[in-house]
Trainee: 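The structure is given below, and queries will be raised subsequently.
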Amino acid sequence: MVVLGIETSCDDTAAAVVVEGKILSNIIFSQWVHSRFGGVVPELAARSHIRILPPVVKEALSVAGLTLSDIEGIAVTYGPGLVVSLVLGLSYAKSLAYALKIPFIGVNHLEGHIFSNLLVHKDLTLPFLNLIVSGGHTELVVVREKGSYEVIGSTLDDAAGEAFDKVAKLLGMGYPGGPEIEMKAREGDPGFVQFPRGKVKEYDFSFSGLKTAVLYYLDDLEEKEKKTHLSDIAASFQEAVVDSLVAKTLKAAKFCKLNQIALSGGVSANKRLREKLMEKADGRKVFYPSLNLCTDNAAMIAAAGLERLKKGERSPFTLKAKARLTLGEVNNRK
Ligand code: KG4
Ligand code: ZN
């Protein structure tokens, strides 16, 4: 089955063509318009999706060497995300499916992130533990079967990516902050400042205290010191996030007796996170996707949709965008 995937849940406009286990094209247009505002401006994101989505879909078809008549199903993100962005991709996908008279399926963005590993790692078998770390989510998910997920931990406040973005702003860096902090941190000493590791129960996470600790630390620092030690502060902050993520993930893997750990979402692009998790994994296998599948993309949406379409699942044309869709709601769709 040839599936066209569409993703517009935040500030990336993406389209991809996927057939059973194979990516034929994966086009991502990242909206740089938000960088000067230090975060995503929903109205600007929506306007940009309207303009960019049709050419991005055209490009995805062209790279795949296909035309619209070759597409057998359409998968689109319907939540969670910015509602003004979601509705644009959703309406576009519905119209296309209606005009082409082909099946259409709404996909949970988080399920998409889980499929980013399943799509490329044929040796990743069920069950496994998935840490989804992105700008909007930090969730530990036990994946026992495709399409059914048990969320065993999540953030009580900020998402890990959100913490990277907010601290980058405090440090005078651009948006998105994760890649900038990672780059600066490479030259820094991760032991320079002992920032707190959020202490919360079981497999949950907390990053807002860490962000505040960085804020207070910077408040007490002279401008000259800040400049001299920028890379040390970035490295110390990154280490605190990575330590929390790695500790909770391994605790969960031990408790659930899972020997495969998958990392996905934008923050999984972070090399220090990958390295430290592998270093501490104690024989467990660690999987992560290639860089263009870590951050938001439509190939993962097409892959998750393809799995559901194959089982005969279809979404009605009345499907609405859901800003706060959870993984639990997907389980109930079976
Ligand atoms: O998955 P994603 O593209 O969008 C959401 O679903 O949120 O994730 C974006 C997030 C941003 O917060 C960005 O700062 C973070 O992922 N990110 C990183 C890195 N690359 C992207 N964080 C840390 N290190 C990176 N290399
Ligand atoms: Zn995402």
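For the numbers below, each heavy atom of this structure counts, side chains included, while hydrogens, waters and symmetry mates do not. Every number for a ligand or one of its atoms is a count from 1 in the order of the listing.
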Trainee: Heavy-atom contact check, 4.0 Å cutoff: does Gln238 meet ligand 1?
Mentor: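 Gln238 does not count as a contact of ligand 1 under the 4.0 Å cut-off.
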Trainee: Which option, Ala185, Gly266, Gly265, Pro176, owns the non-hydrogen atom nearest atom 16 (O) of ligand 1?
Mentor: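 Among Ala185, Gly266, Gly265, Pro176, the closest heavy atom to atom 16 (O) of ligand 1 belongs to Gly266.
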Trainee: Show the numbers, then the answer: is there a side-chain contact (heavy atoms from CB on, under 4.5 Å) between Val19 and Val3?
Mentor: CA-CA 6 Å; Val19 287; Val3 174; over 6 Å; no
Trainee: Pairs under 3.5 angstrom only: tabulate donor-acceptor contacts from the side chains of residues 257-268 to other protein residues two or more places apart or in another chain.
Mentor:
residue, atom, partner, partner atom, Å
Gln260, OE1, Thr125, N, 3.1
Gln260, OE1, Thr125, OG1, 3.4
Gln260, NE2, Thr125, O, 2.6
Gln260, NE2, Thr125, OG1, 3.2
Gln260, NE2, Pro127, O, 3.2
Ser264, OG, His113, O, 3.1
Ser264, OG, Asn130, ND2, 3.0
Ser268, OG, Gly265, O, 2.5

Trainee: With 2.8 Å as the limit, jot down which protein N, O or S atoms are around the Zn ion (ligand 2).
Mentor: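 N, O, S partners closer than 2.8 Å: His109 NE2, His113 NE2, Asp296 OD1.
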Trainee: Indicate the ring-plane relationship of Phe255 and Tyr203, choosing parallel, tilted or perpendicular according to the 30° and 60° boundaries.
Mentor: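 Answer is tilted, since the angle falls between 30° and 60°.
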Trainee: If you take the nearest heavy atom of each of Lys166, His137, Arg274, Glu182, which one is closest to atom 26 (N) of ligand 1?
Mentor: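 Minimum heavy-atom distance to atom 26 (N) of ligand 1 goes to Glu182.
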Trainee: Before signing off on this row, confirm whether Thr295 and ligand 1 have an N or O atom pair separated by under 3.5 Å.
Mentor: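 Thr295 vs ligand 1: no N/O contact under 3.5 Å.
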Trainee: Number the atoms of ligand 1 from 1 as they appear, then name those within less than 4.0 Å of a heavy atom of Gly177, with their elements.
Mentor: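 Close to Gly177: 14 (O).
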Trainee: What about Phe128 and Phe287, are their ring centers closer than 6.0 Å?
Mentor: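 Here the rings of Phe287 and Phe128 have centres that are no less than 6.0 Å from each other.
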Trainee: Geometry only, no angles: is Gly135 polar-contacting ligand 1 at N/O separations under 3.5 Å?
Mentor: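 N/O-N/O distance below 3.5 Å exists for this pair.
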Trainee: Can you figure out which of Thr77, Ile132, Asp165, Val267 has its heavy atom closest to atom 13 (C) of ligand 1?
Mentor: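 Shortest heavy-atom distance from atom 13 (C) of ligand 1: Asp165.
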Trainee: Check whether any side-chain heavy atom of Ile233 sits under 4.5 Å from a side-chain heavy atom of Leu218, and report yes or no.
Mentor: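 They are in side-chain contact.
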Trainee: Is it true that a side-chain atom of Ser9 and a backbone atom of Gly81 form a donor plus acceptor pair closer than 3.5 Å?
Mentor: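 Side chain of Ser9 to backbone of Gly81: no pair is present.
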Trainee: At under 4.0 Å between heavy atoms, which part of Lys271 makes contact with ligand 1: side chain, backbone, both or neither?
Mentor: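 None of Lys271 does.
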